[in-house]
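Take a look at the structure below.
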Amino acid sequence: MDPHVRANLKAGMKVQVVLKKDQPTGKRTTGHIKRILTNSPYHPRGIKVMLQEGDMVGRVQAIMEENPCSK
């Protein structure tokens, strides 16, 4: 699934993001989506999300799992 398309992302999904501070190096951080922050349906650099782990904010580069756990 394309991580640049907002419709492909849901709260609870495990994703890899690049945090703002890591943009020069491209270092990825893995976490679960808490909130989707980008309103547009597509973003060329990745949809901006907030992660559940530490409320970190970054742009999604890869989707690790397609279906979030529903608990």
Side-chain angles (χ1 to χ4, degrees):
M1 282 204 294
D2 188 353
H4 301 99
V5 177
R6 189 180 194 279
N8 292 341
L9 303 174
K10 303 280 183 259
M13 287 180 118
K14 187 175 181 182
V15 295
Q16 286 186 336
V17 301
V18 173
L19 303 176
K20 180 82 171 173
K21 67 178 180 131
D22 295 327
Q23 283 179 350
T25 63
K27 177 183 170 228
R28 293 182 178 190
T29 302
T30 301
H32 295 85
I33 297 174
K34 180 176 183 178
R35 283 184 24 218
I36 299 173
L37 304 175
T38 299
N39 289 325
S40 62
Y42 175 84
H43 197 284
R45 290 189 306 274
I47 301 296
K48 190 180 281 188
V49 299
M50 178 181 287
L51 298 180
Q52 294 173 359
E53 297 79 8
D55 287 342
M56 296 181 284
V57 174
R59 294 196 180 273
V60 178
Q61 301 300 305
I63 298 170
M64 306 301 289
E65 63 182 28
E66 295 182 15
N67 297 319
C69 297
S70 54
K71 293 182 181 178

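Hydrogens, waters and symmetry mates play no part in the numbers below; they use all other heavy atoms, side chains included. All values derive from a computational prediction rather than experimental measurement. Starting from 1, each residue takes its place in the sequence as its number.
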- Heavy-atom pair with the smallest gap, counting every atom of I33 and I36: CG2-CG1, 4.1 Å
- Query: Tell me, which pairs form a side chain to side chain donor-acceptor pair (under 3.5 Å) where one or both residues lie in residues 47-56, sequence neighbours left out?
  - Reply: H32-E53, K34-D55
- Note on the structure: Closest non-hydrogen contact found for V60 with P3 is CG1-CB, 3.6 Å
- Message: Using 0.5 Å steps for rounding, measure from the CD atom of Q61 to the OG1 atom of T29.
- Response: 10.5 Å
- Message: Checking V17 against V57 for the side chain to side chain contact (heavy atoms under 4.5 Å, CB included) test, could you report, in this order, the C-alpha distance in whole Å, the side-chain angles of both residues, the deciding distance, and whether it holds?
- Response: CA-CA 8 Å; V17 301; V57 174; over 6 Å; no
- Task: Give the cluster check for M50 versus I63: same hydrophobic cluster or not, with ILVMFWY residues linked at side-chain heavy-atom distances below 4.5 Å.
- Result: no
- Note on the structure: In terms of heavy-atom contacts, T38 and R6 come closest through O-NE, 2.6 Å
- Query: Linking I/L/V/M/F/W/Y whenever any side-chain heavy atoms sit under 4.5 Å apart, do M1 and L9 land together?
  - Reply: yes
- Is R59 close to V18 at the side-chain level, that is, under 4.5 Å between some pair of heavy atoms? no
- Please collect all side chain to side chain donor-acceptor pair (under 3.5 Å) contacts where either partner lies in residues 14-27, sequence neighbours excluded, each pair once. Q16-R28
- Please name the pair of heavy atoms, one in D2 and one in Y42, separated by the smallest distance, quoted to 0.1 Å. OD2-CE1, 4.3 Å
